[in-house]
Amino acid sequence: MAYFPEIAKIQYEGPKSRNPLAFRWYNASEVIEGKTMKEHLRFSIVYWHTMRGTGSDPFGPGTAIRPWDDGSNSVDNALTRVEAAFELFQKLDAPYYAFHDRDVAPEGSSLRETNANLQKIADSLKAHQQSTGVKLLWGTANMFSNPRFMHGAATTCNAEVFAYAAAQVKKAMEVTKDLGGENYVFWGGREGYQSLYNTDMKRELDHLAKLFHMAVDYAKEIGFKGQFLIEPKPKEPTKHQYDSDAAACINFLRAYDLLPYFKLNLETNHATLAGHTMMHEMDYSGMQDALGSIDANTGDLLLGWDTDQFPTDYYLTAQTMLMILKYGGFKTGGVNFDAKVRRESFEPIDLFHAHVGGMDAFARGLRIAAEIRKEGLIDQFVKNRYSSWDSGIGAEIESGKASLASLEKFMLEKGDASPNESGRQEMLENIFNLYI
Ligand code: XLS
Ligand code: NI
Ligand code: NI
């Protein structure tokens, strides 16, 4: 345990603690609504930001100090990173982690060499998982960084690039299966377009569905039981991404007969880029039984891109956990911190402040959501608001007995409809505040 010598394992100290590296709300073994907080939240740490983020931005290079990382692309350096990563996971008491193939292992000069590099690192990841008990929430293939994917991966104009992407997915699925990954994620960073003048959209979408069907078939072939997830995002890096929001993803999955095999991995900052709230994306997916997992982060109201900040806002985490509880809790998913420290927060200890804060904000959100549900004031209000559907003409419409003619007859006799319920938004916002 040598990579973060100044950091001890983070402990729960309760809300009065002023120790910045202690949990005030996350008490892993405490039971809420019949499950421990650890089982509810299923926290996961991402390899790409936490182990590979340098703090670079379009205006300047990285700032992060990572004493264990020699900055090289060697397999040895990648092996050292694994050691540091698992020390961090353990000290944060995080039960899960997630990675892209290219975060953990360097690309070689051919696919064969690249696969061999990945296998070496996967063997080390497996040994570390076994000795620490940390598990893999999901694996994925990075099919957006390498220049070969400039036109997309599954949706590229070039058939050889599609073949490369397919091979990459195959290997990433094998590694994910071997490491016991509970999900496999597709995020289509370059699956979209910059201009429709040069794009055959129908052909590209057909190809995307082809790749997903190949993945479903291969999962059956190798016995991979994990859940497939698509991660919606409307733009960045492309101007338009095909997986733009939950509704677009679900429509795509349904149109191509993929809905039985996929759920969604929803990310807060992607929801807001799409012009939705996270609550909207979660409710929309949940009602279609497609709520799989979440990438927990937040954007900045004043910046228009995916800033991937750590979530600290109790309104956001309470709303998010309300939706998770509403749809029966995570099954294979979890709270995956797809978030990065700011460029100015360049020291290793900042990685701990960030995750402790994110975990605590979600723990607090879970507690708030459970209290809201226990008293049921908001649920009761919603139920009453729709009570005209519970009997009489409403029940007839819902049960399918009514027709345009029967409703015309009803209204001709009544003369007019008289909605007499206030939406009471302000009162409900005040009620929400009671629990914050
Ligand atoms: C980028 C995405 C990415 C996915 C995994 O915006 O959030 O990090 O989670 O490819
Ligand atoms: Ni993400
Ligand atoms: Ni993102």
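Both counts, for ligands and for their atoms, begin at 1 and track the order of listing.
- By the 4.0 Å N-to-carboxylate-O rule, Asp245 lies too far from Lys233 to be salt-bridged with it.
- Of the protein's non-hydrogen atoms, Glu231 OE1, 2.7 Å is the one closest to atom 9 (O) of ligand 1.
- Ligand-side atoms of ligand 1 in range of Lys233: 1 (C), 6 (O), range being under 4.0 angstrom from any heavy atom.
- Nearest protein neighbour of atom 5 (C) of ligand 1, counting heavy atoms only, is His100 NE2, 3.2 Å.
- Nearest protein neighbour of atom 8 (O) of ligand 1, counting heavy atoms only, is Asp338 OD2, 3.0 Å.
- Residue Trp187 has no N or O atom closer than 3.5 Å to an N or O atom of ligand 1.
- Using cut-offs of 30° and 60° for the angle between ring planes, the Tyr284 and His280 rings count as parallel.
- The closest approach between any non-hydrogen atom of Val185 and ligand 1 is not below 4.0 Å.
- His213 places a side-chain N or O within donor-acceptor distance of the main-chain N or O of Tyr256, the cut-off being under 3.5 Å.
- The side chain of Asp306, and not its backbone, has at least one atom closer than 4.0 Å to an atom of ligand 1 (non-hydrogen atoms only; side chain from C-beta on).
- Protein nitrogen, oxygen and sulfur atoms, that is N, O or S, within less than 2.8 Å of the Ni ion (ligand 3) amount to 3.
- Put simply, the side chain of Glu182 never gets that close to the backbone of Gly333: no donor and acceptor are under 3.5 Å apart.
- Considering backbone and side-chain atoms alike, Asp295 places an N or O below 3.5 Å from some N or O of ligand 1.
- Taking a cutoff of 4.0 Å between a charged side-chain nitrogen and a carboxylate oxygen, Lys263 and Asp289 qualify as a salt bridge.
- A salt bridge is defined here as a Lys NZ or Arg NE, NH1 or NH2 lying under 4.0 Å from an Asp or Glu carboxylate O, and Lys171 with Asp101 fails to meet this definition.
- Atoms of ligand 1 found under 4.0 Å from any heavy atom of Trp48 (numbered from 1 in listed order, with element): 8 (O), 9 (O).
- When only interatomic distances are considered, the shortest N/O to N/O separation between Trp138 and ligand 1 does not fall below 3.5 Å.
- Remark: the backbone N or O of Thr332 is paired with a side-chain donor or acceptor of Arg42 at under 3.5 angstrom.
- Polar contact check, Asn265 against ligand 1: no nitrogen or oxygen pair lies under 3.5 Å apart.
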Begin from the C-alpha positions of Asp379 and Arg373 and carry the test salt bridge (charged side-chain N to carboxylate O under 4.0 Å, His left out) through to its verdict.
CA-CA 8 Å; Asp379 277 353; Arg373 281 158 58 85; 5.6 Å; no
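- Salt bridge status for Arg102 with Glu107: present, with a side-chain N to carboxylate O gap under 4.0 Å.
- Counting only distance, with no hydrogens or angles, the side chain of Thr199 and the backbone of Met201 share no donor-acceptor pair below 3.5 Å.
- Of the candidates Phe144, Phe186, Tyr47, Trp187, His100 forms a ring-ring contact (aromatic ring centres under 6.0 Å, His included) with just one, namely Phe144.
- Taking 4.0 Å as the cut-off between side-chain N and carboxylate O, Glu371 and Arg367 do not count as a salt-bridged pair.
- No part of Glu236 comes within 4.0 Å of ligand 1, judged by heavy-atom distances.
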